[in-house]
Amino acid sequence: MTIPSYRRILLKLSGEALMGDGQYGIDPATVTRMAGEVKAAKDTGLEICLVIGGGNIFRGMAGAAKGMDRAQADYMGMLATVMNALAMQSALEQLGVPTRVQSAIEMDKVCEPVIRRRAQRHLEKGRVVIFAAGVGAPYFTTDSGAALRAAEMKCDALLKGTSVDGVYNADPKLDPNAVRYDTLTYDRVLQDNLKVMDASAVALCRDNSIPIVVFSIREQGNLARVLSGEGTATTVYQKD
Ligand code: UDP
């Protein structure tokens, strides 16, 4: 499948993408490198929405596994995504990229609430909009937040930057014979339980015909390469 020219995309990064070589938290040099990837993509004329996870700081499931109340732990996870969003905002603005953070949990001292029409305007003015706090409710993840924002902001595609260059039939880090898919349908992803995004996020993309492009964010310049149709990626979409 050749990648069509997108006008507006949503980029989803997991919190781990900000950790660098560390095991936890935010590595400023890595955030700056990620911001550089976003800037390079934006410089091609794209409108960019960003969603960043919080797994580098706190995951609700991990808290629940240690005995915490799940919903309470999930709210902590959502707050972690706001910290990551603020770190990315700072890094992008240091590179001269104008941004706004909109959080699904209102905190008006640090960012805007999610207001679709306002976000629309920011994008039209060339600002990157970083959506924080997922969907704003526990029992969800930022994958679902990414799919939701991609749908409401009418993004042409959801790009998911990961540590591998696409979707494989087995874990390529464990199985040397693992094969990468170039394309997949949403239904195949759901039926085979392939690790692309949460099922709810995949279903939301399917129902709104938003292609999901899975690629490696670890290689420098890869986001822009993938957007120009040159890089390696797996595209999930509905084949006619
Ligand atoms: N979270 C939530 N609702 C949302 C988005 C996130 O409860 O809509 C919580 C959840 O606990 C999750 C954590 O925030 O584990 C961090 O998000 P996620 O696990 O999606 O981060 P990633 O794996 O992408 O770094």
Side-chain angles (χ1 to χ4, degrees), residues 9-27 30-31 33-35 37-38 49-89 91 101-107 110-114 116 119 129-153 158-164 167 171 173 189 193-205 212-218 223 236:
I9 60 149
L10 186 139
L11 173 64
K12 158 78 209 290
L13 298 178
S14 70
E16 284 169 1
L18 308 188
M19 266 181 352
D21 293 331
Q23 297 296 308
Y24 176 83
I26 298 170
D27 174 45
T30 305
V31 182
R33 193 178 76 68
M34 293 297 153
E37 294 289 302
V38 174
C49 303
L50 253 179
V51 167
I52 308 172
N56 55 323
I57 299 172
F58 197 83
R59 274 208 182 88
M61 293 265 265
K66 290 184 183 151
M68 285 183 74
D69 176 75
R70 168 72 193 269
Q72 183 83 342
D74 277 341
Y75 278 110
M76 291 171 65
M78 284 182 259
L79 296 180
T81 72
V82 180
M83 292 173 64
N84 284 338
L86 294 179
M88 179 57 86
Q89 174 171 49
V101 174
Q102 292 200 344
S103 171
I105 296 175
E106 291 189 25
M107 39 185 105
V110 292
C111 59
E112 297 178 357
V114 175
R116 188 177 64 85
V129 182
I130 309 170
F131 291 102
V135 304
Y139 298 95
F140 284 95
T141 66
T142 50
D143 280 351
S144 293
L148 172 65
R149 302 302 169 214
E152 70 173 336
M153 298 312 298
L158 192 166
L159 279 96
K160 172 146 177 165
T162 69
S163 57
V164 284
V167 184
D171 186 344
K173 288 176 185 158
V189 168
N193 201 18
L194 295 171
K195 301 281 171 265
V196 175
M197 295 201 303
D198 299 339
S200 55
V202 174
L204 196 54
C205 287
I212 305 166
V213 182
V214 183
F215 71 102
S216 168
I217 193 73
R218 297 210 166 200
L223 174 60
V236 183

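Numbering of ligands and ligand atoms starts at 1, following listing order.
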Chemist: Could you check whether T142 and T81, counting side-chain N and O atoms only, form a donor-acceptor pair closer than 3.5 Å?
Modeler: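 No, no side-chain donor-acceptor pair sits under 3.5 Å.
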
Chemist: Does ligand 1 have a heavy atom under 4.0 Å from the side chain of A104, from its backbone, from both, or from neither?
Modeler: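 Under 4.0 Å from ligand 1, A104 contributes no heavy atoms.
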
Chemist: I need the atoms of ligand 1 closer than 4.0 Å to a non-hydrogen atom of A137, numbered in the order shown.
Modeler: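 That gives atoms 2 (C), 3 (N), 4 (C), 7 (O), 8 (O) of ligand 1.
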
Chemist: Can you check which of G77, A201, G60 brings a heavy atom nearest to atom 15 (O) of ligand 1?
Modeler: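 Among G77, A201, G60, the closest heavy atom to atom 15 (O) of ligand 1 comes from G60.
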
Chemist: Any atoms of ligand 1 less than 4.0 Å from a non-hydrogen atom of G55? List them with their elements.
Modeler: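 Ligand 1 atoms under the 4.0 Å threshold to G55: 21 (O), 22 (P), 25 (O).
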
Chemist: Would you give the length of the straight line joining atom CG of L50 to atom CG of L11, rounded to the nearest 0.5 angstrom?
Modeler: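 If we round to the nearest 0.5 Å, L50:CG and L11:CG are 5.0 Å apart.
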
Chemist: Please determine if V135 has a nitrogen or oxygen closer than 3.5 Å to a nitrogen or oxygen of ligand 1.
Modeler: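 There is such a contact, yes.
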
Chemist: Looking at every heavy atom in both C111 and V101, which two are closest together, and how far apart are they?
Modeler: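 Here C111 and V101 meet closest at CB-O, 3.4 Å.
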
Chemist: So for ligand 1, is S14 a polar contact partner (N or O within less than 3.5 Å, distance only)?
Modeler: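 In fact, backbone or side chain, S14 has no N or O that close.
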
Chemist: If the condition is salt bridge (Lys or Arg N to Asp or Glu O under 4.0 Å), which residues does D74 pass it with, not counting sequence neighbours?
Modeler: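 For D74, the residues satisfying salt bridge (Lys or Arg N to Asp or Glu O under 4.0 Å) (neighbours in sequence not counted) are R70.
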
Chemist: Provide the number and element of each atom of ligand 1 under 4.0 Å from a heavy atom of T141.
Modeler: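 The atoms of ligand 1 under 4.0 Å from a heavy atom of T141 are 4 (C), 5 (C), 6 (C), 8 (O), 20 (O).
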
Chemist: Starting from atom 10 (C) of ligand 1, which protein heavy atom do you reach first, and at what distance in Å?
Modeler: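 The answer is D74 OD1, 3.3 Å.
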
Chemist: Could you list which atoms of ligand 1 come closer than 4.0 Å to a heavy atom of G134?
Modeler: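 Here the atoms of ligand 1 in question are 4 (C), 5 (C), 8 (O).
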
Chemist: So which protein heavy atom does atom 2 (C) of ligand 1 come closest to, and at what separation?
Modeler: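 Checking every protein heavy atom, the shortest distance to atom 2 (C) of ligand 1 gives F140 O, 3.0 Å.
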
Chemist: For P138, counting its heavy atoms only, list the atoms of ligand 1 lying under 4.0 Å from any of them.
Modeler: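 That gives atoms 7 (O) of ligand 1.
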
Chemist: Tell me the contacting part of K12 for ligand 1: side chain, backbone, both, or neither, using a 4.0 Å heavy-atom threshold, strictly below.
Modeler: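 Side chain only.
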
Chemist: Measure the spacing between SG of C205 and NZ of K160 and express it to the nearest 0.5 Å.
Modeler: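 If we round to the nearest 0.5 Å, C205:SG and K160:NZ are 10.5 Å apart.
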
Chemist: Taking distance alone, with no angle check, do R59 and ligand 1 share an N/O pair under 3.5 Å?
Modeler: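 R59 vs ligand 1: N/O contact under 3.5 Å present.
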
Chemist: If you define the side chain from C-beta out and look only at heavy atoms, does anything of L10 sit under 4.5 Å from M153?
Modeler: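 No, side chains not in contact.
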
Chemist: Examine the proximity of ligand 1 to F58 and report which part, side chain or backbone, both or neither, has a heavy atom under 4.0 Å away.
Modeler: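 Backbone only.
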
Chemist: Can you check whether T142 has an N/O within less than 3.5 Å of an N/O in ligand 1?
Modeler: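 It does: an N or O of T142 is found under 3.5 Å from an N or O of ligand 1.
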
Chemist: Which atom names give the shortest non-hydrogen contact between N56 and Y24, and what distance separates them?
Modeler: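 Reported closest heavy-atom pair: O-CD1, 3.3 Å.
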
Chemist: Which is closest to atom 21 (O) of ligand 1 in terms of heavy atoms, G15, S144, G54, G63?
Modeler: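 Comparing heavy atoms across G15, S144, G54, G63, the nearest one to atom 21 (O) of ligand 1 lies in G54.
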
Chemist: With sequence neighbours left out, write down each residue that passes salt bridge (Lys or Arg N to Asp or Glu O under 4.0 Å) with E106, or none if nothing qualifies.
Modeler: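 Testing E106 for salt bridge (Lys or Arg N to Asp or Glu O under 4.0 Å), a comparison that skips the adjacent residues, returns none.
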
Chemist: What distance separates E152 CD from F131 CZ, expressed to the nearest 0.5 Å?
Modeler: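 CZ of F131 is found 6.5 Å from CD of E152.
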
Chemist: Between E16 and R59, is the closest basic N to carboxylate O distance under 4.0 Å?
Modeler: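 Salt bridge: yes.
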
